[in-house]
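The sequence lines fix the lettering, A, B, ..., with proteins before strands; numbering per chain opens at 1.
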Amino acid sequence: MASTLCTKRDGNRGAWTAEEDQKLARVIEIQGPKRWKIVAAKAGLNRCGKSCRLRWMNYLRPNIKRGNISDQEEDLILRLHKLLGNRWSLIAGRLPGRTDNEIKNYWNSRLSKKIKRKEKQNKILRVQIDHHRNNGMGMGNILNRWEEGTSKGYENSKASFNGDYFFNSSREEGPSDQEWMSKFLEMDASWFKILHDT
DNA sequence: AATTTGCCCAACCGCAGACTC
DNA sequence: GGAGTCTGCGGTTGGGCAAAT
């Protein structure tokens, strides 16, 4: 299956200018965000359709939020990534105004490092727990609980996860953002608590 | 002051599923 | 039904900038 070519031969590359943005926005206003090859041609831009689509989706689209990802948003990204992995478009779909590209960048530049640090801390903590246990220091139930929680939290959350409900591809047929958020939050917070508390 | 390093983010690339003819 | 095209996705790259040396 051949993909739409979008190569150096297709012309202009690199950062978009304000003038290009205006031209693109004007055409999309008239014919809507579809048939990107035609949009690119009509806008008179030396860009391929794919490039135009990306610019629209990540920058020009109305209601785009840019920068300043809040703590709540970060929490949600962490939770969703734990459940879904690198399915950025699904994650972005549950963060109004955020794009998959922005979330992916945010993850790669900040959160992945944050998680690595947490994992490192957990490793150290685990070694300390083993040490205490082996020396009969009786840290008791608390430590055992912590350990159980760490190892089982994620599996539990997966087991109770209803993918059809949460990620119906049609947003119209799926739950509203508010419903979705409250269901999601009540679903299972255990692994997330572990991530933050340890 | 000049250079290096690291971070952030916009944009590009290749792939694959969906769609059209 | 099959070939060609369009669209959307996730991974990667590279330029700009600020901080560190």
Taking salt bridge (charged side-chain N to carboxylate O under 4.0 Å, His left out) as the cut-off, I'd like each qualifying pair that reaches into residues 25-35 of chain A, sequence neighbours left out, listed once.
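Matches after skipping sequence neighbours: none remain.
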Distance test, side-chain N/O of [X] to OP1/OP2 of [N], below 4.0 Å:
X	N	result
Trp107(A)	dG10(C)	no
Asn58(A)	dA11(B)	no
Arg66(A)	dA10(B)	yes
Arg110(A)	dC9(B)	yes
Ser109(A)	dC7(B)	no
Lys37(A)	dC6(C)	yes
Arg55(A)	dA11(B)	yes

message = Apply side-chain contact (heavy atoms from CB on, under 4.5 Å) to residues Arg47(A) and Leu24(A) and explain how you reach the verdict.
response = CA-CA 10 Å; Arg47(A) 305 257 184 189; Leu24(A) 180 60; over 6 Å; no
**Request:** Look at all strands and tell whether Asn105(A) reaches a base, only sugar-phosphate, or nothing, counting heavy atoms closer than 4.0 Å.
**Result:**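 Base contact - Asn105(A) has a heavy atom under 4.0 Å of at least one base atom.
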**Message:** Within the 4.0 Å heavy-atom criterion, would you say Lys34(A) contacts the bases, only the backbone, or no part of the nucleic acid?
**Reply:** sugar-phosphate
Please report, rounded to the nearest Å, how far the [atom2] atom of [N] is from the [atom1] atom of [X].
X	N	atom1	atom2	value
Tyr59(A)	dA10(B)	OH	C1'	10 Å
Ile103(A)	dC9(B)	CD1	C1'	14 Å
Asp21(A)	dA11(B)	CG	C1'	13 Å
Asp100(A)	dA11(B)	CG	P	14 Å
Tyr106(A)	dC9(B)	OH	C1'	14 Å
Asn108(A)	dG10(C)	CG	C1'	10 Å
Asn101(A)	dT13(C)	CG	P	15 Å
Arg98(A)	dA10(B)	CZ	P	11 Å

**OP:** Cation-pi check, Arg110(A) to Tyr106(A): give yes when NZ or CZ is under 6.0 Å from the six-membered ring centre and within 45° of the ring axis, no otherwise.
**Re:**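 Checked: cation-pi criterion not met.
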Candidates [options] - which lies nearest the side chain of [X]:
X	options	value
Trp16(A)	dC9(C), dC12(B), dG10(C)	dC12(B)
Leu54(A)	dG11(C), dA11(B), dT7(C)	dA11(B)
Lys50(A)	dG8(C), dA11(B), dT7(C)	dG8(C)

Note: Glu73(A)-Lys65(A) ion pair, threshold 4.0 Å (strictly below):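 A salt bridge is present here (some side-chain N lies under 4.0 Å from a carboxylate O).
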Heavy atoms, side chains only, cut-off 4.5 Å: are Cys52(A) and Trp16(A) in contact?
yes
Worksheet item: Only one of Leu80(A), Asp100(A), Thr99(A) clears side chain to side chain contact (heavy atoms under 4.5 Å, CB included) with Trp88(A); which?
Response: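 Among Leu80(A), Asp100(A), Thr99(A), the one that satisfies the side chain to side chain contact (heavy atoms under 4.5 Å, CB included) with Trp88(A) is Asp100(A).
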Both Arg35(A) and Thr17(A) contact DNA chain B. Which one's nearest nucleotide lies toward the 5' end?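 The 5'-side residue here is Thr17(A).
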